[in-house]
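These values consider heavy atoms only, across backbone and side chains, with no hydrogens, waters or symmetry-generated copies.
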Amino acid sequence: MNGQNLSSERNYGIDLLRITAMFMVVILHILGCGGILKGGESFSANYVTAWFLETAAYCAVNVFAMISGYAMAGRHVSLFKIIPLWLLVFFYSSVITILFRFVPFFAQFHEVTNRELIDGIFFPVLSRQYWYFSCYVGLFFFIPFINRLLENLNQKEHRALCLTIFILFSAATMLNLHDKDTFNLNRGYSVLWLVCLYIVGAYLKKYPLRLSKSKAFLIYLFCVVAAWLLDFPVTYFALNKGSQDNGVAQLFVDYLSPFIFASGIMLIVLFSQIRIEKAAAKKAIRFASSLAFSVYIIHVHPLVFFYVLKGRFAYLASENPAYMALMVILISLALFASCMIVDLVRHAVFSLFGVEKIPKLLENKFIL
């Protein structure tokens, strides 16, 4: 395949991955914010099971950034396209904040302060209510320039850039015994890390790795198991040093971890090869994919995340491990589906006012 000729045909496998990755994000939050990981005894069967689910889902955020590179590489990206996404964030941040401030049913969870009211309505990005979106906004305005840079790299140069990112920012973190953020990546919670992932995602689009779906899945599974197993000695050492984190490890199960990094790449490779043939399935996947980001914006709003979801599922940590795992999946599905159903209203409102057409109208007028 000629890497320079990017296909304009929509890859519905990647749309399916976007949906899957968002479901994985919900699982992470049910386990973490929900209190399951910290609710049981370290190294118990429940802890081991919960931590495996956490490890298997941990690459989801990396995947989202790589999908951006996969989807936008080689394309003209108007800066006006950030407007509908920003309006989506503004819509939910404002509505949720107002509900918690003025509606008694929601207000019982938390009394919204004036500062929270102002930040929630006017400054959801600047106040970093959503760290990923705030960092994504920083990435977005560089995308046209990143694309120009990548267009002028041949495959060897692009591959060398990806390997440099992997070695310097990912593999080298395993040698960091002093717990120092050498390159100020903030453990992956940064614009710079999203830029790196975008570059890798663009490479995977231009130069697909020659791996079958089964091989890609096996490598993904190997990376998950390796990170899961290797983090137990780290956790044990942390506990013996009196760590207050209840054994939640952060070395191999981390956005920068080479195992988590590689597992995300393998999911891109796997899902990019999935072919959807039926028109009805394509339409359903495309529509669900367009709602996926709203699932994040709704359930990660600070008022929902810290005052409704936090610690709510800690009781599962004392249940039978198989039952706990099943309930994590079912609760995640319920939350995921509920947010999507809620978003149908927002989608209808935006469609009514033609929000998605705004970038094209402005682009035609200002030519950016």
Taking the side chain as C-beta and beyond, is there a heavy-atom pair between N11 and Y70 under 4.5 Å? yes
Pair W228 and Y58, ring centroids less than 6.0 Å apart: no
Would you say the ring centroid of H347 lies under 6.0 angstrom from that of F287? yes
Would you name the heavy atoms of F166 and P258 that are closest together and state the gap between them? CZ-CB, 3.7 Å
Does the plane of the ring in W51 sit parallel, tilted or perpendicular to the ring in Y47? Use 30° and 60° as the thresholds. parallel
H110 and F100: aromatic ring centres closer than 6.0 Å? no
F141 versus I82: any side-chain heavy-atom pair under 4.5 Å? yes
Do M24 and L267 make a side-chain contact, defined as non-hydrogen atoms from C-beta onward lying under 4.5 Å apart? yes
Is there a donor-acceptor pair under 3.5 Å between the side chain of H158 and the backbone N or O of I199? yes
Could you name each residue pair satisfying salt bridge (charged side-chain N to carboxylate O under 4.0 Å, His left out) that touches residues 101-118, not counting sequence neighbours? R115-D119
Ring geometry between Y207 and Y203 (parallel below 30°, tilted from 30 to 60°, perpendicular above 60°): tilted
Which heavy atom in A73 sits nearest to a heavy atom in A202, and how many Å separate them? CB-CB, 3.5 Å
Do V342 and Y92 have side-chain heavy atoms sitting under 4.5 Å apart? yes
Do Y198 and N147 have side-chain heavy atoms sitting under 4.5 Å apart? yes
So L303 and F109, do their side chains get closer than 4.5 Å, heavy atoms only? no
Check whether any side-chain heavy atom of M266 sits under 4.5 Å from a side-chain heavy atom of C223, and report yes or no. no
Does Y323 form a side chain to side chain donor-acceptor pair (under 3.5 Å) with N46? I'd like the steps, not just the answer. CA-CA 10 Å; Y323 176 77; N46 286 45; over 6 Å; no
Kindly indicate whether the side chain of P144, heavy atoms from C-beta on, has any atom under 4.5 Å from the side chain of L79. yes
What is the minimum heavy-atom distance between D231 and F252, and which atoms define it? OD2-N, 3.3 Å
Using only atom types and a distance under 3.5 Å, with no angle test, would you say the side chain of R187 pairs donor to acceptor with the backbone of N184? no
